[in-house]
Trainee: 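The structure's right below; bear with me while I get my questions together.
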Amino acid sequence: MNTRIEPVGLLVRATAEFLGTGLLVAVVVGSGIAAQQLSPHDVGLQLLENSLATTLGLAVLILVFQPVSGAHFNPVVTLADRTLGARHRLTEVVVYLVTQITGGIGGAILANLMFEVPTALSTKDRATPGHFLGEVVATAGLMLVICALARTGRTMIIAPAVGAYIGAAYWFTSSTSFANPAVTIGRVFTDTFAGIAPASVLPFLAAQLLGAVLGVLLVLLFFPIRKKASS
């Protein structure tokens, strides 16, 4: 049975972006805390547990919220979408960015509360040249996956594809693939396995923006014409 999705107002879409981004960060941070507690002496196993939860959680969240807001959950996805021709007004873009960032912060605090750990600024320094390059690669790849599928009419498989890509990028990038400014800022507010120190945020954001630009350029090179999404 096909259910017709009616146009959704900005307030509802913004709420979906706030909740979706918040739950995404709660998944990342919460599974990181659980991994620390369950496997305190094995960092590799901690990363495996964290990446599996993020892979599954992200795919589910996209499936739930994609018909409502597009399930961006990521400022660079919103900016890339507008750059590649989406008819979003500037006001809509700003609202999306604000709700994504505030949702990310709220998600980190929620995870801290669930696991009864203090909400504190992270002390985990990640600002190295290798991490910078890793974030450029992770973000460029994410943009290419999302936009390539959207522009070739395969939006129905974006959720599992993005989940799979991020799960893989946890392991093949040195930065463990944040690839998302809202998630990066949110993870500042937890001094746990998934945290990132405030001093590392600006390099990560710069790398993510650079990666997004490279990803958009690759999309324009390989997929210059947007095709109608399959129903």
Side-chain angles (χ1 to χ4, degrees), residues 13-14 17-18 20-21 24-25 28 54-55 58-59 61-62 65-66 69-105 126-152 154-155 158-159 161-170 172-188 196 200-226:
R13 285 183 280 135
E17 285 295 300
F18 175 85
T21 310
L24 172 59
V25 174
V28 174
T54 302
T55 296
L58 177 56
L61 289 170
I62 293 173
F65 290 109
Q66 191 174 30
S69 67
H72 294 186
F73 310 151
N74 187 334
V76 294
V77 172
T78 299
L79 294 173
D81 192 37
R82 191 173 194 271
T83 299
L84 290 170
R87 295 179 179 178
H88 300 309
R89 298 191 303 272
L90 181 58
T91 301
E92 294 177 300
V93 173
V94 171
V95 169
Y96 264 47
L97 301 188
V98 171
T99 54
Q100 289 159 358
I101 292 170
T102 54
I105 295 171
R126 298 177 184 264
T128 69
H131 285 148
F132 183 91
L133 179 58
E135 276 301 283
V136 172
V137 171
T139 311
L142 179 62
M143 293 300 100
L144 183 58
V145 169
I146 295 172
C147 298
L149 294 175
R151 289 171 77 85
T152 55
R154 294 175 289 168
T155 56
I158 285 178
V162 170
Y165 174 79
I166 291 296
Y170 255 80
F172 77 75
T173 65
S174 56
S175 64
T176 66
S177 185
F178 284 48
N180 184 331
V183 169
T184 302
I185 294 169
R187 288 168 68 168
V188 168
I196 178 172
S200 300
V201 169
L202 283 181
F204 264 58
L205 297 185
Q208 289 157 4
L209 290 173
L210 177 57
V213 170
L214 292 175
V216 167
L217 291 175
L218 289 173
V219 170
L220 292 174
L221 174 65
F222 296 126
F223 309 99
I225 300 174
R226 181 191 294 267

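Quick caveat, the model's predicted, so the values are computed rather than measured.
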Trainee: Taking the side chain as every heavy atom from C-beta outward, state whether I166 and T55 have any pair of such atoms under 4.5 Å apart.
Mentor: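 No. Closest side-chain heavy atoms not under 4.5 Å.
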
Trainee: Could you measure the distance from the CG atom of L218 to the CG atom of L214? Nearest 0.5 Å is fine.
Mentor: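 If I round to the nearest 0.5 Å, the distance is 7.0 Å.
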
Trainee: Looking only at atom types and distance, does a side-chain atom of Y96 sit under 3.5 Å from a main-chain N or O of N74, one as donor and one as acceptor?
Mentor: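 No: the side chain of Y96 does not pair with the backbone of N74.
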
Trainee: Give, for atom OG of S175 and atom CG of L133, the distance between the pair rounded to the nearest 0.5 Å.
Mentor: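 The OG atom of S175 sits 9.0 Å away from the CG atom of L133.
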
Trainee: What pair of heavy atoms forms the shortest contact from A212 to T139, and how long is it?
Mentor: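 Of all heavy-atom pairs spanning A212 and T139, the closest is N-CG2, 3.8 Å.
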
Trainee: When you look at R154 and T152, which way does the side-chain hydrogen bond (donor to acceptor under 3.5 Å, both in side chains) test go after all the steps?
Mentor: CA-CA 6 Å; R154 294 175 289 168; T152 55; 2.9 Å; yes

Trainee: Taking it one step at a time, do F172 and V137 satisfy side-chain contact (heavy atoms from CB on, under 4.5 Å)?
Mentor: CA-CA 10 Å; F172 77 75; V137 171; 4.2 Å; yes

Trainee: Using every non-hydrogen atom in the two residues, find where V25 and G104 come nearest and quote the distance to one decimal.
Mentor: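 Between these two residues, the closest heavy atoms are CG1-O, 3.3 Å.
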
Trainee: Is there a side-chain contact between P181 and I101 in this structure, where contact means two heavy atoms from C-beta onward sitting under 4.5 Å apart?
Mentor: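 Of all side-chain heavy-atom pairs linking I101 with P181, none is under 4.5 Å.
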
Trainee: To the nearest 0.5 Å, what is the distance between CG on L149 and CD1 on I158?
Mentor: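 Answer rounded to 0.5 Å: 5.5 Å.
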
Trainee: Which atom names give the shortest non-hydrogen contact between P203 and S200, and what distance separates them?
Mentor: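 Minimum heavy-atom separation between P203 and S200: CD-O, 3.3 Å.
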
Trainee: If you draw the axis of the six-membered ring of F178, does the NZ or CZ of R187 fall within 45° of it and under 6.0 Å from the ring centre?
Mentor: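 Satisfied, under 6.0 Å and within 45°.
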
Trainee: How many angstroms lie between atom CG of L209 and atom CG of L79, to the nearest 0.5 angstrom?
Mentor: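 Here the rounded value is 7.5 Å.
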
Trainee: Just by distance, with hydrogens left out, do T21 and Q100 show a side-chain donor and acceptor under 3.5 Å apart?
Mentor: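 Per modelled atom types, T21 and Q100 side chains form no pair under 3.5 Å.
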
Trainee: From L144 CG over to F223 CZ, what is the distance, rounded to the nearest 0.5 angstrom?
Mentor: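 One finds 6.0 Å between CG of L144 and CZ of F223.
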
Trainee: Nearest heavy-atom pair of E135 and A207: which atoms, and what distance?
Mentor: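 Where E135 meets A207 most closely, the heavy atoms are CB-CB, 3.6 Å.
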
Trainee: Locate the shortest heavy-atom distance separating L61 from L24; write the atom from each residue and the value.
Mentor: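 Smallest heavy-atom distance, with atoms named: CD1-N, 3.5 Å.
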
Trainee: Looking at A14 and V95, what are the two nearest heavy atoms and their distance?
Mentor: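 Nearest heavy atoms, A14 then V95: CB-CG1, 3.5 Å.
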
Trainee: When rounded to the nearest 0.5 angstrom, what distance separates CZ in F73 from CD in Q66?
Mentor: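 Interatomic distance, F73 CZ to Q66 CD, rounded to 0.5 Å: 9.0 Å.
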
Trainee: Could you check whether any side-chain heavy atom of V219 comes within less than 4.5 Å of a side-chain heavy atom of P224, counting everything from C-beta outward?
Mentor: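 Side-chain contact under 4.5 Å: no.
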
Trainee: What verdict does the side-chain hydrogen bond (donor to acceptor under 3.5 Å, both in side chains) test give for S69 and E17, after you've listed the backbone C-alpha separation in whole Å, the side-chain angles of each residue and the deciding distance to 0.1 Å?
Mentor: CA-CA 7 Å; S69 67; E17 285 295 300; 2.6 Å; yes

Trainee: Ignoring hydrogens and angles, tell me if any N or O in the side chain of S174 forms a donor-acceptor pair with the backbone of G130 under 3.5 Å.
Mentor: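 Side chain of S174 to backbone of G130: a pair is present.
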
Trainee: Is a side-chain donor or acceptor of H72 paired with a backbone partner of V77 at a separation under 3.5 angstrom?
Mentor: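 No, because the side chain of H72 does not come within donor-acceptor range (under 3.5 Å) of the backbone of V77.
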
